[in-house]
Amino acid sequence: MKKYLVIGNPIDHSLSPVLHNCWIKQNLIHAIYEKKKLNSKDLENLILDVKKGKINGLNVTVPFKNVIIEYLDELSNEAKKTQSVNTIYLKDKKIVGHNTDIEGFENAIQSINFNFKGKKVFILGAGGVVPSIIYASIKMEAAKIMISNRTKKKAEGLKFFFNNIELVNWGEVPDFDVIINATSLGLKKDDKINLDFTKVGKNKLFYDVIYNPGETNFLKLGKKLGNKCENGKLMFVYQAFSAFKLWHGIDPLINDETMKLLD
Ligand code: ATR
């Protein structure tokens with residue numbers, strides 16, 4: 001039986017096993033997908049297990065998407081450009097790291113019929129998923145990408161990789177067409193982002209990477225102010241879709257049943 005794992009710390013909240021095991025069952029694949037909490041010192045041995053074929057594929061989540069890179073033999077272009085790996089597999093005896101968060105974000109935006117071309121995109125946060133969102137926004141031909149992070153140094157680090165992005169001081173709200181919350185603010189129901197959105201106008205896209213809770217205070221406010229709102233559920237589903245396709249060579253189903261698994 002083939003074995004797949006999602007690794008992270010914490011990992012309890014991860015819904016990847018539910019989704020992947022549903023697709024594994026639907027496609028009659030002889031495999032199992034589990035989650036494993038670990039520490040940085042465990043990464044080397046885990047990758048050895050992939051090399052030996054004891055584990056057939058890995059998904060990687062916070063906080064290992066970058067630190068895992070040093071143990072891999074090859075990176076896809078997307079993983080290289082973002083220095084972020086969320087999917088690992090063995091190819092010709094080499095451990096390859098890929099990033100399906102980019103496709104996940106692009107497909108999520110496409111599926112709500114929103115077009116980034118020529119748009120001003122304002123991203124809040126500078127954590128693990130932000131390089132993927134910047135890369136996807138560039139691919140989708142956004143006109144301007146602005147980043148604001150509480151700790152400015154981290155945002156400056158991103159500018160090193162993506163020199164066309166503009167940095168915005170935390171607390172300031174520039175003119176934008178799309179705003180993306182990529183901070184962890186909103187994971188707790190009472191979390192509020194302390195920014196003044198009252199002057200941003202209507203008909204923008206408020207996008208939250210968080211999907212649990214399904215409607216953060218950030219999205220609630222966006223809606224109240226007359227904007228289009230979307231949570232990160234589809235991004236999560238599509239990044240899993242791309243990993244599944246890569247490992248098993250099959251397009252899994254995305255329908256009401258799969259979406260309900262994540263409620
Ligand atoms: P990591 O930073 O380890 O990659 P993450 O969950 O991907 O973890 O990122 C957390 C993001 O939420 C960061 O951008 C963080 O800002 P800092 O870099 O200043 O820590 C942001 N964040 C978390 N709590 C916040 C708060 N109370 N106010 C503003 N931003 C916050």
Side-chain angles (χ1 to χ4, degrees), residues 6-16 35 37-43 58-70 78-79 81-88 97 99-102 104-105 108 121-137 145-162 165-174 176 178-197 200 206-214 216-222 231-233 235-236 239-240:
V6 57
I7 57 160
N9 194 345
I11 197 66
D12 265 354
H13 66 283
S14 175
L15 293 172
S16 292
K35 55 187 166 191
K37 180 177 158 181
L38 39 79
N39 297 306
S40 305
K41 63 172 175 43
D42 308 320
L43 294 175
L58 292 174
N59 276 144
V60 183
T61 187
V62 176
F64 302 125
K65 288 185 182 187
N66 174 262
V67 293
I68 194 87
I69 289 176
E70 67 172 291
E78 289 84 352
K81 289 266 166 57
T82 53
Q83 287 296 297
S84 174
V85 164
N86 80 327
T87 305
I88 290 171
N99 177 339
T100 69
D101 288 329
I102 299 164
F105 185 68
V121 177
F122 182 35
I123 304 172
L124 305 176
V129 77
V130 171
S132 305
I133 292 176
I134 296 174
Y135 189 78
S137 301
I145 300 171
M146 299 164 280
I147 308 275
S148 188
N149 192 52
R150 180 182 58 177
T151 311
K152 198 166 185 189
K153 253 211 156 95
K154 266 206 219 162
E156 282 165 355
L158 285 169
K159 197 161 165 65
F160 183 77
F161 285 103
F162 302 101
I165 61 173
E166 290 180 20
L167 304 188
V168 173
N169 289 326
W170 185 254
E172 287 171 21
V173 178
F176 63 81
V178 180
I179 184 166
I180 301 162
N181 176 35
T183 73
S184 46
L185 281 173
L187 284 174
K188 291 191 217 104
K189 249 191 150 38
D190 296 335
D191 281 349
K192 284 209 170 79
I193 301 178
N194 198 12
L195 296 176
D196 181 10
F197 297 127
V200 301
F206 273 59
Y207 187 94
D208 205 320
V209 173
I210 295 170
Y211 61 90
N212 187 14
T216 56
N217 284 326
F218 169 76
L219 292 186
K220 275 185 193 143
L221 182 64
N231 71 19
K233 198 166 164 182
M235 179 181 179
F236 173 74
Q239 65 72 31

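Below, each value reflects all heavy atoms present in this structure, side chains not excepted, and no hydrogens, waters or symmetry copies. Everything numeric here is computed off the predicted structure, so don't read it as measured data. Order of listing sets the numbers, starting from 1, for every ligand and every atom in it.
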inquiry  = Looking at Q239, is its backbone amide N or carbonyl O close enough to the side chain of T100 to form a donor-acceptor pair, meaning the two atoms are under 3.5 Å apart?
reply    = yes

inquiry  = Whether the side chain of N39 engages the backbone of K41 through a donor-acceptor N/O pair (distance < 3.5 Å, no angle test) should be reported.
reply    = no

Is there any protein N/O under 3.5 Å from an N/O of ligand 1, and what does the full list of such pairs look like?
residue: ligand 1; atom: 2 (O); partner: K154; partner atom: NZ; Å: 2.9
residue: ligand 1; atom: 4 (O); partner: G128; partner atom: N; Å: 3.0
residue: ligand 1; atom: 7 (O); partner: G128; partner atom: N; Å: 3.0
residue: ligand 1; atom: 12 (O); partner: S184; partner atom: N; Å: 3.1
residue: ligand 1; atom: 14 (O); partner: A126; partner atom: N; Å: 3.0
residue: ligand 1; atom: 14 (O); partner: N149; partner atom: OD1; Å: 2.7
residue: ligand 1; atom: 16 (O); partner: N149; partner atom: OD1; Å: 3.3
residue: ligand 1; atom: 18 (O); partner: N149; partner atom: ND2; Å: 2.8
residue: ligand 1; atom: 18 (O); partner: K154; partner atom: NZ; Å: 2.9
residue: ligand 1; atom: 19 (O); partner: R150; partner atom: NE; Å: 3.0
residue: ligand 1; atom: 19 (O); partner: T151; partner atom: N; Å: 3.0
residue: ligand 1; atom: 19 (O); partner: T151; partner atom: OG1; Å: 2.5
residue: ligand 1; atom: 20 (O); partner: R150; partner atom: NH2; Å: 2.8
residue: ligand 1; atom: 27 (N); partner: R150; partner atom: NH1; Å: 3.3

query = With sequence neighbours left out, what residues match D196 under salt bridge (charged side-chain N to carboxylate O under 4.0 Å, His left out)?
reply = K199

task = Taking salt bridge (charged side-chain N to carboxylate O under 4.0 Å, His left out) as the test, write out the residues that go with K233, two or more places apart.
result = D263

query = Looking at residues at least two apart in the chain, or sitting in another chain, which of them share a side-chain contact (heavy atoms from CB on, under 4.5 Å) with K188?
reply = D191

query = Has the side chain of N181 got a donor or acceptor atom that lies under 3.5 Å from a matching backbone atom of F218?
reply = no

